[in-house]
Amino acid sequence: MTDESTIMPTDFIREAVAEDLKSGRFNYVRTRLPPEPNGYLHIGHVKAFMIDYLIAKENNGELILRFDDTNPVKEDVEYVDAIMEDARWLGIQWVKVTYASDYFGLLYEWAVKLVKLGKAYVDDQSPEEVSANRGTFTEPGKESPYRNRPVEENLDLLERMKNGEFPDGSRVLRAKIDMAHPNLNMRDPVMYRIIHEPPHHRTGSKWKIYPMYDWAHGQNDSMEGVTHSLCSLEYRDHRPLYEWFPEQLGVFKPRQIEFARLNLNYTVMSKRKLRRLVEEKRVSGWDDPRMPTLRAMRRRGYPAEAIVEFVRRMGISTVATSNSGVIADVAFLEECVRDDLNKRSLRRMAVIKPLKVVIDNYPENQIEEMDAVNNPEDPNAGTRKVPFSKVLYIEQDDFRETPPPKYYRLFPGNEVRLRYAYFIKCASVVKNDKGEIAEVHCTYDPATRGGDAPDGRKVKSTIHWVSAAHARPAEFRLYDHLFTKEDPEEGEDDFLNCLNPNSLQIAHGYVEPLLASTEAGDRFQFERQGYFCADPDSVPGRPVFNLTVSLKDTWAKIEKKR
RNA sequence: UGGGGAUUGGUGCAACGGCAGCACGCUACGCUCUGGACGUAGAAAUCGGGGUUCGAAUCCCUGAUCCCCAGCCA
């Protein structure tokens, strides 16, 4: 069997969509992305975005980007641009951008229709009364005393609500369903509430009533001819309502399908918590590279393709472990990032924590140009020249005065290879007043130029280096998880209690000369260390590099086990 | 407590009545001018209890556990 079903990626949503097409329930596919413009996009949003985008695309359908701007007190234009920017960065394409507010007029007409049908009424109860009369999980609610007022009166009151004749909170329009329904969403849900201030970011002060999510969202789907309304698990309980409205109205009925949202360990995802991190200055902003927002990941150097691939590899299900979704291991995300970057990153040498090395038998003032491979995974990336001289910097971690077992790097008497250059052997160590190692003296073997010994002898280790005379200073920002616990909320009265004090470490070191003219956003692999991305804070002559993700480090693992 | 959803190695997903598989992680080993990449091998799971069936992760019954819902938020 080699038909489409075996080669197409399959999951329960794609299967459902295919079925709907086959059965004739729909003869086209249209999905919608319904972000509320009240915050920046984070990695959790990417899953929903990709599902909506790809399922439309795979079926020759359309994706509509519709901002769910039904609550002026929470929303702002600032976010609509940011959301579009992030979505575009992911490669998502839509046929048009709409706003829930585009449909306020039609939606109001539909509400009037529902009132005329006797399916909606104006309730004069206070918010407290509405809440008190909703009942509980185990007890039915009480019907509002205003529930059965005449259609004409409802029409009049609704009209006057719309015209701003009543203060906020004084009345609402409610669907007339069933106050004893076991699903609380069906206990006469509120359709419209009165909000005078602030003005709406698109409709200004025209409207004094604003639709609730359940009323607006589903009807907007219907109005736009959306076939599949794909959303997260917590909306499962809203589905009966989602279907009830168009049923009463006799309008087009889209199909809602729910899936598990995506959460990440060692971080938090809720807008409220992310906002606290920013406002309490625990991070430098929404784009602090430690944040799970897309702008932060972009700044840190995560390629959009890697994020998309991560989400794809995670799959789709209806499993809910936490917060209506599944918790992905950040190590998996990081592996997707490495996998992507490994194939396309130019290699460079950078010394993050420098240690001076003097090659005693190397001629003073001599400079050689060594050929270095730009990317062993990509022959087309070519080579470059790297200057070599008598005094170098190597990584502090690459030298030990007394080596632990299995340590192959530089130590007194041991020979290692300087990448793309010579074999060197450690002869002696010079210490400062405090007894710290100030410099290491070595001898080199001129016959090993280029990295191989003619006599065939081997070294167990190759280390990176930068020529001191040619080195350019650089700042390195090394990141770790923002929180010390996989689930920062678990067992804490405040999630900030388990902030990782070492989530950002700043180091000052050196890079090879080529890197002096780096531009923000440029990505490299610093050999043996990790992938780095030039930060916008870089200034000419002093680049700043963000650690995107480190290389896997077998030695660190061996050492840690002790 | 009422309603809704779920439960497969440590994690995330497959297997849709017929040999429990894939990826990440983990453990060895090999290869290597990156202790990276790559390659080989390995450990590791069907929530429990009943039943139906030649045969059950899959169907039925039952129990447990986890997630979501009582906004005029979305």
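These values consider heavy atoms only, across backbone and side chains, with no hydrogens, waters or symmetry-generated copies. Numbers restart at 1 for each chain; the letters A, B, ... are given by sequence-line order, proteins then strands.
- A:K561 comes within 4.0 angstrom of the backbone, heavy atoms only, and of no base.
- Using a 4.0 Å cut-off, some side-chain N or O of A:T554 falls inside it from OP1 or OP2 of B:rG36.
- If you check every strand for non-hydrogen atoms under 4.0 Å, A:R187 touches nothing.
- Looking at heavy-atom distances under 4.0 Å, A:S126 makes contact with a base.
- Within 4.0 Å of A:E15, counting heavy atoms only, lies at least one base atom of the nucleic acid.
- A:Q529 contributes no side-chain N or O that forms a donor-acceptor pair with the base of B:rU34 under 3.5 Å.
- Donor-acceptor pairing under 3.5 Å, judged by distance alone, is present between the side chain of A:E377 and the base of B:rG36.
- Between A:N154 and the options A:L173, A:V122, A:D123, A:L114, a side-chain contact (heavy atoms from CB on, under 4.5 Å) holds for only A:V122.
- Taking the C1' atom of each, B:rG63 and B:rG25 are spaced 33 Å apart, rounded to whole Å.
- With both ends at atom P, the span from B:rU34 to B:rC68 equals 48 Å, rounded to whole Å.
- B:rA6 and B:rC47 have their P atoms separated by 14 Å, with the value rounded to a whole Å.
- The residue A:Y407 sits close to a base: some heavy atom pair falls under 4.0 Å.
- Shown here, B:rG71 is classed syn by the O4'-C1'-N9-C4 or O4'-C1'-N1-C2 angle, which is within 90° of 0.
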N/O-N/O pairs, protein side and nucleotides 22-24 of chain B side, under 3.5 Å:
residue, atom, partner, partner atom, Å
B:rA23, O2', A:R313, NH1, 2.9

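- With respect to A:K425 and A:D445, no salt bridge is recorded, no charged nitrogen being found less than 4.0 Å from a carboxylate O.
- The nearest whole Å value for the distance from the CG atom in A:L241 to the C1' atom in B:rA74 is 14 Å.
- A straight line from CG of A:D11 to P of B:rC13 spans 11 Å, rounded to a whole angstrom.
- Of the C1' atoms belonging to B:rG9 and B:rC24, the separation is 13 Å, rounded to the nearest Å.
- Here A:V319 lies in heavy-atom contact (under 4.0 Å) with sugar-phosphate atoms only.
- In RNA chain B, runs of at least 3 stacked Watson-Crick or G-U pairs (N1-N3 plus N6-O4 or O6-N4, or N1-O2 plus O6-N3, all under 3.5 Å) give these stems: B:2-7 with B:64-69, B:10-13 with B:21-24, B:26-30 with B:38-42, B:47-51 with B:59-63.
- Taking the six-membered ring where the residue is Trp, A:Y422 and A:Y444 present perpendicular rings, their angle passing 60° and hence far from 30°.
- The side chain of A:R193 places an N or O atom within less than 4.0 Å of a non-bridging phosphate oxygen (OP1 or OP2) of B:rA74.
- Across all strands, A:K557 comes closer than 4.0 Å only to sugar-phosphate atoms, never to a base (heavy-atom distances).
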Check nucleotides 67-70 of chain B for protein N or O atoms closer than 3.5 Å to its own N or O atoms and list the pairs.
residue, atom, partner, partner atom, Å
B:rC67, O4', A:A320, O, 3.2
B:rC67, O3', A:N323, N, 3.3
B:rC67, O2', A:S324, N, 3.0

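- Nucleotides B:rA20 and B:rA14 are separated by 10 Å at their C1' atoms, to the nearest Å.
- In this structure, A:H200 and A:Y210 have parallel ring planes: the angle between them is below the 30° cut-off, well short of the 60° mark.
- Put simply, CD1 on A:I394 is 13 Å from P on B:rG35, counting in whole angstrom units.
- Nucleotides B:rU53 and B:rC16 are separated by 22 Å at their P atoms, to the nearest Å.
- Looking at A:E335 and A:K552, a side-chain N of the basic residue comes within less than 4.0 Å of a carboxylate O on the acidic one, giving a salt bridge.
- Distance noted for atom P between B:rU7 and B:rG12: 12 Å (whole Å).
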